[in-house]
Amino acid sequence: MTGPRIVIVGGVAGGAGAATRARRMNEAAEIIIFEKGEHISLATCGLPYYIGGQIADRGKLLVSTPAEFADRYRIDVHTGHEVTRIDRQARRVEVLDVRTGRRSLVDYDRLILAPGAAPIVPDWEGIDSKNLFTLRDLADTDRIKAYVDRHKPVRAVVIGGGYIGIEMSEVLTGRGVAVTLVEAQPQVMPLMDSEMAARIETVLRASGVDVRTGQGVRNLVVRDALVRAVRLADGEEVAADMVMVAVGVRPNVELARQAGLKIGPSGGIAVDGQMQTSDPNIFAVGDAAEVTHLVAGGPMLVPLAGPANRNGRLAGQRAATGDAPLATPVAGTAIVGFFGQAAAITGLSVHAVRRAGMDCAAVYAIGGHHAGYYPGAEQLVLKLVFDPKSRRVLGAQAVGGAGVDKRIDVIATALRFQATIDDLAGLDLAYAPQFGAAKDPIHIAAFVAQNQADALVRQILPGDPAPAGQLLDVRSEAEVARGTLAGAVNIPLPRLRQNLSRLDRNKPVVVFCGAGMRGYIASRILTQSGFAEVWNLTGGYTMHKDTWSQTLARSGG
Ligand SMILES: Cc1cc2nc3c(=O)[nH]c(=O)nc-3n(C[C@H](O)[C@H](O)[C@H](O)COP(=O)(O)OP(=O)(O)OC[C@H]3O[C@@H](n4cnc5c(N)ncnc54)[C@H](O)[C@@H]3O)c2cc1C
């Protein structure tokens with residue numbers, strides 16, 4: 001039995017999945033993995049939680065081993081072997097045994113590139129200090145854990161407010177380290193909209209993390225080969241016993257570039273729908289390769305485990321059989337946990353849609369993750385982004401306790417099938433009081449979106465300009481006593497119909513309540529009572545209180 005020789009570069013998420021699928025599809029193939037690190041099938045996403053102690057057994061991070069790959073799949077795994085060159089004409093790779101320094105040449109019929117990405121390491125003096133870390137593999141993990149175990153650092157600076165920075169902030173806080181999280185952008189989790197990210201920052205601060213957004217790093221303060229402090233852009237020095245740098249990743253494309261393979265506009269290896277590169281015998285997957293974005297359409301980098309695993313499987317099949325289903329475009333669905341809370345996104349944020357020069361609307365559903373009358377409901381904020389003309393769902397974000405994952409996964413599924421807000425409003429979701437609500441937050445968000453698309457209400461997003469006129473707070477006096485927006489008059493909703501004369505019908509009225517529902521009811525009362533122009537602050541006081549000054553500035557007020 002002779003089949004193609006399939007050589008795979010990289011043996012973790014994309015590479016391991018490609019190899020095993022290739023075997024299941026073609027028993028005759030010869031399959032060889034070269035992995036420059038010491039392990040294959042590493043549970044990369046679990047690494048922070050081994051440092052934190054949630055995963056106690058290091059062995060659990062090794063999902064599979066070369067011996068298992070040999071026994072179960074007859075796959076030949078060479079760890080400690082780096083592929084250093086591709087000769088496309090000869091269909092041959094050069095392999096370096098990193099332990100002995102010996103080089104060899106290996107022929108292939110099909111080559112799958114799954115070399116992943118590398119942490120971006122800024123060019124700061126002192127970047128190679130022993131107490132400064134990046135996190136990508138088990139060796140990094142061991143170094144960080146050993147440092148924390150042995151040196152018991154009191155203060156850490158985590159640089160970068162993406163999901164790895166947030167996870168490491170939680171993990172180090174849990175290990176008793178006082179963490180300062182530094183992010184150059186004005187918000188953490190830059191993929192999310194700012195008011196949603198602000199909710200993450202609130203939780204981080206309440207959990208003891210000193211969050212510094214809008215603060216780049218000017219330099220590291222190094223003494224005796226150790227970083228002692230991080231100097232921020234404004235000159236402040238933040239003392240540190242250890243520093244984590246988590247400022248993003250760069251796709252490992254050098255091997256592909258040197259071989260003359262096409263690199264796409266996003267900087268990843270360009271591939272077609274079956275993961276084929278510009279060379280028909282070479283495929284690329286995972287963090288190193290581009291994917292097509294489900295909503296935006298264009299090629300981009302989405303360095304996450306899901307696309308790497310799924311596309312690895314397709315590449316394995318394609319290499320083993322010559323054919324495979326087309327890869328599904330990627331919605332960029334992602335979730336991060338922190339201090340018992342979660343934040344998740346799928347599809348596009350409002351700022352991503354606007355940056356692409358398109359228009360969109362967005363609404364919130366704010367409430368419990370299950371029926372409020374059943375004990376234990378945890379608060380979540382769900383933001384739904386949609387096109388008000390086509391009514392197509394463009395994306396969603398959620399921040400809260402339990403139930404964030406479920407809402408985002410349902411909407412990710414809907415996005416896959418190009419759902420409209422009307423489709424969401426009609427979804428038949430599982431319900432009993434301890435699991436959800438007869439009107440789930442997804443339905444509520446869809447209803448609010450329908451009301452807006454049907455012109456039953458005009459809504460203003462946090463930070464967007466509001467028309468000059470009257471600002472009406474329809475919450476109770478007790479709620480108002482705890483804080484309101486500058487310039488608001490208060491007429492509680494139950495008394496609104498009797499007090500319409502206090503408002504000028506000819507001037508715009510901007511209404512708000514706590515979360516949007518009472519404001520919507522008030523908007524309907526006012527509109528049907530002959531008020532010329534009525535607006536509702538979507539998400540109410542909850543979502544607008546931190547951005548109202550921005551709204552006023554943009555409104556010229
Ligand atoms: C700390 C951390 C937490 C994460 N958490 C999540 C999460 O919760 N959810 C999520 O979706 N994603 C998460 N990710 C991202 C996810 O791990 C990656 O998207 C995924 O591992 C990418 O798979 P890959 O196969 O492309 O690359 P990798 O898994 O990085 O594998 C690439 C392998 O190729 C090897 N290699 C590189 N070049 C060569 C060469 N020339 N020769 C031989 N071998 C080579 C590397 O040593 C590496 O082992 C996390 C990442 C990190 C670092």
Side-chain angles (χ1 to χ4, degrees), residues 7-19 32-52 55 61-63 77-86 93-98 106 111-120 133-141 144 158 160 162-168 171 244-246 248-259 268-269 275 284-291 301-313 315-316 330-338 342-345 405:
V7 169
I8 300 172
V9 182
V12 183
I32 307 171
I33 295 178
F34 291 112
E35 164 54 57
K36 72 175 177 185
E38 283 176 35
H39 307 282
I40 58 160
S41 277
L42 176 68
T44 311
C45 310
L47 299 179
Y49 304 107
Y50 173 62
I51 298 168
I55 300 169
L61 296 170
L62 302 170
V63 181
V77 177
H78 299 264
T79 55
H81 282 72
E82 179 177 359
V83 173
T84 47
R85 201 167 57 81
I86 303 168
V93 290
E94 180 188 76
V95 184
L96 169 72
D97 180 335
V98 293
V106 178
L111 180 65
I112 300 177
L113 302 178
I120 294 171
F133 306 93
T134 56
L135 176 58
R136 180 73 197 182
D137 56 23
L138 199 50
D140 297 335
T141 308
I144 298 169
V158 175
Y163 70 87
I164 295 179
I166 290 175
E167 288 177 356
M168 284 309 299
V171 156
M244 278 290 318
V245 178
V249 295
R250 192 173 285 128
N252 287 329
V253 295
E254 262 332 288
L255 201 54
R257 199 193 299 278
Q258 281 167 11
I269 304 169
M275 304 298 124
V285 297
D287 290 0
E290 293 187 322
V291 292
L301 291 169
V302 179
L304 290 172
N309 277 277
R310 294 193 300 274
N311 292 344
R313 192 167 177 271
V330 170
T333 311
I335 186 163
V336 60
F338 47 99
I345 181 167
D405 53 345

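We count ligands from 1, going down the list as the structure has it; atoms in each ligand are counted the same way. Starting from 1, each residue takes its place in the sequence as its number.
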Item to complete: Apply side chain to side chain contact (heavy atoms under 4.5 Å, CB included) to the pair I8 and E35, showing each step before the final yes or no.
Response: CA-CA 8 Å; I8 300 172; E35 164 54 57; over 6 Å; no
Item to complete: For G286, counting its heavy atoms only, list the atoms of ligand 1 lying under 4.0 Å from any of them.
Response: 26 (O)
Discussion item. Looking at every non-hydrogen atom in both residues, tell me the closest pair between I120 and V245 and how far apart they are.
Written reply: O-CG1, 4.1 Å
Worksheet entry | Protein residue, atom and distance nearest to atom 21 (O) of ligand 1, heavy-atom basis | A13 CB, 3.8 Å
Discussion item. I want to confirm something. Looking only at heavy atoms, which of H78, R136, E38 is nearest to atom 30 (O) of ligand 1?
Written reply: R136
Worksheet, complete the sentence: If you compare D287, I40, T79, L255 by their heavy atoms, the one closest to atom 18 (C) of ligand 1 turns out to be D287
Response to the item:
Closest to atom 32 (C) of ligand 1 among protein heavy atoms sits A114 O, 3.3 Å
Item to complete: Could you tell me which atoms of ligand 1, counted from 1 in the order shown, lie closer than 4.0 angstrom to a heavy atom of A308?
Response: 22 (C), 23 (O)
Worksheet item: Does the N or O separation between Y163 and ligand 1 drop below 3.5 Å for any pair?
Response: yes
Response to the item:
Contact region, I164 to ligand 1, non-hydrogen atoms below 4.0 Å, reads side chain
Practice prompt. Provide, to 0.1 Å, the distance between atom 31 (O) of ligand 1 and the closest protein heavy atom, together with that atom's residue and name.
Written response: V12 CB, 3.3 Å
Worksheet item: Can you check side chain to side chain contact (heavy atoms under 4.5 Å, CB included) on F34 and V7, steps first, answer last?
Response: CA-CA 8 Å; F34 291 112; V7 169; 3.8 Å; yes
Item to complete: Give the C-alpha distance, both sets of side-chain angles, the deciding distance and a yes or no for side chain to side chain contact (heavy atoms under 4.5 Å, CB included) between V93 and V95.
Response: CA-CA 6 Å; V93 290; V95 184; 3.9 Å; yes
Worksheet item: Looking only at heavy atoms, which two atoms of G11 and A16 are closest? And how far apart?
Response: O-CB, 3.6 Å
Discussion item. Need the ligand 1 atom indices (1-based, order shown) with element for anything under 4.0 Å from a heavy-atom of G14.
Written reply: 24 (P), 25 (O)
Worksheet item: Hey, does A305 come in under 3.5 Å of ligand 1, counting only N/O atoms on both sides?
Response: yes
Practice prompt. Look at atom 27 (O) of ligand 1 and find which of A289, A117, G116 reaches it with the closest heavy atom.
Written response: G116
Worksheet entry | Nearest protein heavy atom with distance in Å, relative to atom 7 (C) of ligand 1 | C45 SG, 3.3 Å
Worksheet item: Of all the heavy atoms in H39, does at least one lie under 4.0 Å from an atom in ligand 1?
Response: no
Worksheet item: Does any N/O atom on V83 come nearer than 3.5 Å to any N/O atom on ligand 1?
Response: yes
Discussion item. Can you name the atoms of ligand 1, numbered from 1 with element, that are less than 4.0 Å from a heavy atom of V9?
Written reply: 39 (C), 40 (C), 41 (N), 42 (N), 43 (C)
Worksheet, complete the sentence: Here the atoms of ligand 1 under 4.0 Å from any heavy atom belonging to L135 are 1 (C), 53 (C)
Discussion item. Please state which option from E254, E35, H81 has its nearest heavy atom closest to atom 47 (O) of ligand 1.
Written reply: E35
Worksheet item: Below 4.0 angstrom, N of the basic side chain to O of the carboxylate: do R250 and D287 qualify?
Response: no
Worksheet entry | N/O donor-acceptor pair under 3.5 Å between R136 side chain and A117 backbone | yes
Discussion item. Looking only at the side chains, is there a donor atom on one of T84 and E94 sitting less than 3.5 Å from an acceptor on the other?
Written reply: yes
Worksheet entry | Heavy atom of the protein closest to atom 51 (C) of ligand 1 (residue, atom name, distance) | T44 CG2, 3.7 Å
Discussion item. Could you measure the distance from the OG1 atom of T79 to the CD1 atom of I40? Nearest 0.5 Å is fine.
Written reply: 8.5 Å
Discussion item. Checking a contact table here: which protein heavy atom is nearest atom 37 (C) of ligand 1, and how many Å away?
Written reply: P115 O, 3.2 Å
Response to the item:
Here the pair of heavy atoms bringing I33 nearest to A19 is CD1-CB, 3.6 Å
Practice prompt. Run the numbers for me: atoms of ligand 1, each under 4.0 Å from some heavy atom of G10, listed by number.
Written response: 33 (C), 34 (O), 35 (C), 44 (N)
Item to complete: Could you walk me through whether V336 and E167 pass side chain to side chain contact (heavy atoms under 4.5 Å, CB included), step by step?
Response: CA-CA 7 Å; V336 60; E167 288 177 356; 3.9 Å; yes
Worksheet item: In terms of atom number and element, which parts of ligand 1 are under 4.0 angstrom from non-hydrogen atoms of E82?
Response: 40 (C), 41 (N), 42 (N), 43 (C)
Fill in: For P303, atoms of ligand 1 separated by under 4.0 Å from a heavy atom
15 (C), 19 (O)
Discussion item. Could you check whether atom CD of E254 has more than 12 heavy atoms from other residues, nucleotides or ligands sitting under 6.0 Å from it?
Written reply: yes
Discussion item. I need the E290 CD to L301 CG distance, nearest 0.5 Å.
Written reply: 6.0 Å
Worksheet item: Do any N or O atoms from the side chain of D140 and from the backbone of D137 form a donor-acceptor pair under 3.5 angstrom?
Response: yes
Worksheet entry | Protein heavy-atom partner closest to atom 44 (N) of ligand 1 - residue, atom, separation in Å | K36 N, 3.0 Å
